[in-house]
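The structure presented is a predicted model; accordingly, all values stated were derived computationally and were not measured.
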Amino acid sequence: MSLRRWAWCGLAVGALAAAGLRGGLTLHRYFDTDELVHMHASLLVAHGNLPFRDFFEHHGPLFWAALAPIVDVPHDPVNKALAGRAVVTLFWLGLLLLVARPRQGADALEGPLAAVWLAAFTAFAQKSLEIRPDVPGAFLIVAAAFVLTRPGRASGLLAGVLIGLALWCTPKAIFPAAGMLLAAAWRRSAKSVGETALAAAAVAGLGIAYFAARGGLGKLWSYYFLYNAGYPGARVSWSATLGPSWMSDPLIWAVGLWGLRRWRERPEEAGALVVALAGRAVTPSAYSQHLLFVAPFLAGFAAREALL
């Protein structure tokens, strides 16, 4: 059997192992305290409460609204939690499929290698399992990066909508989104990038109008914007996030960052990766879930570099 066939077999085994690990962890891994917070918020929304106005939170309200009708169905609390994990697993699968997509002029192995490498990335495997808005937020950001590579005005507008939705999932999305748009200006016209930004602003405006209509605008501003801007956490970016991740996954970090030297081939992804990483320096409490916005782009550059 040829070397490439062995490579395809290895990737298939890796994908099956990732799926098996995901299934086992979904059923048996402990629940992070953040997961319980998001479950509680979703159940409050399911029973008519408005985030921020009726209860304190500082995460994105879109995730709770989407999750509410699903987790409200099961009667047993454990089944509610498993339903929540099933939802984020769909976004996990979507992220892997986006990363695995074929690329023009690239080796056919590149996408599958990136997806398997991403699935094995420790922080991604752990945090994408958890019921948290960062998982759909990361999916929307990666989808926006993919759409921005397509020509035409419609793709720019769609990317803006996806970015706007991501920002209603989590404010962490602001960093890769900003990097993506800055880099997109290198490939697309300033007018096109401006239209993308306006589409994102329009989605943000619709959400703000909704909260204003329901009497929650002041609390939205206080908790989702002001509170997050000055989040009272310790600056733990290296000690709690980047340092442990470098120790557990040194190869993908080294190869992926080295692959950034070819950023002109994929400017939107490079911009998202670089600014998402740089954002760790200004985020008051940069825990491992922030790497959900880094890992998909890092895996793509690592796979590209590995197959050159």
Side-chain angles (χ1 to χ4, degrees), residues 31-73 80-81 83-92 94-95 127-128 130-144 159-178 197 199-233 279 283-287 289-290 292-293:
F31 286 93
D32 186 275
T33 54
D34 282 354
E35 292 185 86
L36 305 181
V37 168
H38 294 303
M39 288 288 296
H40 185 219
S42 298
L43 290 171
L44 288 173
V45 170
H47 290 85
N49 290 271
L50 183 70
F52 315 118
R53 185 195 68 185
D54 298 328
F55 61 92
F56 170 77
E57 253 299 345
H58 64 101
H59 295 88
L62 182 60
F63 178 64
W64 306 322
L67 195 60
I70 298 170
V71 299
D72 194 42
V73 172
K80 289 180 182 292
R85 282 194 170 176
V87 170
V88 295
T89 293
L90 293 177
F91 287 105
W92 169 82
L95 277 163
K127 293 303 175 182
S128 66
E130 296 174 354
I131 304 165
R132 56 174 68 250
D134 308 301
V135 185
F139 169 79
L140 290 165
I141 286 294
V142 175
V161 171
L162 293 170
I163 290 171
L165 292 174
L167 290 171
W168 279 119
C169 286
T170 169
K172 300 180 187 73
I174 190 65
F175 297 110
V203 173
L206 287 173
I208 290 171
Y210 172 78
F211 275 90
R214 296 197 59 187
L217 184 58
K219 294 295 185 182
L220 171 72
W221 175 252
S222 296
Y223 298 150
Y224 196 50
F225 294 97
L226 295 182
Y227 184 86
N228 281 315
Y231 186 77
T283 301
S285 193
Y287 294 111
Q289 53 265 31
H290 290 252
L292 290 170
F293 296 92

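- Not a single side-chain hydrogen bond (donor to acceptor under 3.5 Å, both in side chains) links W92 to another residue, sequence neighbours left out.
- Qualifying side-chain hydrogen bond (donor to acceptor under 3.5 Å, both in side chains) partners for E35, counting only residues two or more places apart in sequence or in other chains: R85.
- Using a 4.5 Å heavy-atom cutoff, the side chains of S128 and L95 are not in contact.
- Of all the heavy atoms in V161 and A199, the pair that sits closest is N-CB, 4.0 Å.
- With rounding to the nearest 0.5 Å, the separation of CG in L217 from OH in Y210 is 13.5 Å.
- Annotation: side-chain hydrogen bond (donor to acceptor under 3.5 Å, both in side chains) contacts of S42 (sequence neighbours excluded): none.
- Taking both residues in full, the closest heavy atoms of L62 and C169 are given as CD2-SG, 4.0 Å, listed atom of the first, atom of the second, then distance.
- Each of M39, E57, H40 was compared with W64 under the side chain to side chain contact (heavy atoms under 4.5 Å, CB included) criterion, and only E57 meets it.
- Screening D134, T170, V135 for a side chain to side chain contact (heavy atoms under 4.5 Å, CB included) with Q289, the sole residue that qualifies is D134.
- Considering CG of L292 and CD1 of I141, their distance stands at 12.0 Å, rounded to 0.5 Å.
- Taking each heavy atom of G216 and R53 in turn, the nearest pair found is CA-CB, 4.0 Å.
- Of all non-hydrogen atoms in A166 and G137, the two that sit nearest each other are CB-O, 3.8 Å.
- Checked options W221, F52, F56; the residue passing with Y227 is F56 (criterion: ring-ring contact (aromatic ring centres under 6.0 Å, His included)).
- The two residues G207 and W168 make their nearest non-hydrogen contact at CA-CZ2, 3.5 Å.
- Between F55 and V45, some side-chain heavy-atom pair lies under the 4.5 Å cut-off.
- Interatomic distance, CD1 of I174 versus CG of N228, reported as 12.0 Å (0.5 Å rounding).
- Under the 4.5 Å side-chain criterion, counting only non-hydrogen atoms from C-beta, F63 is in contact with I131.
- Taken to the nearest 0.5 Å, the CD1 atom of I208 stands 6.5 Å off from the CG atom of L220.
- A distance of 12.0 Å separates CG of L167 from NZ of K172, quoted to the nearest 0.5 Å.
- Although no hydrogens or angles enter the test, the distance criterion places no donor-acceptor pair under 3.5 Å between the side chain of D54 and the main chain of N49.
- A salt bridge links R132 with D32; the closest basic N to acidic carboxylate O contact falls under 4.0 Å.
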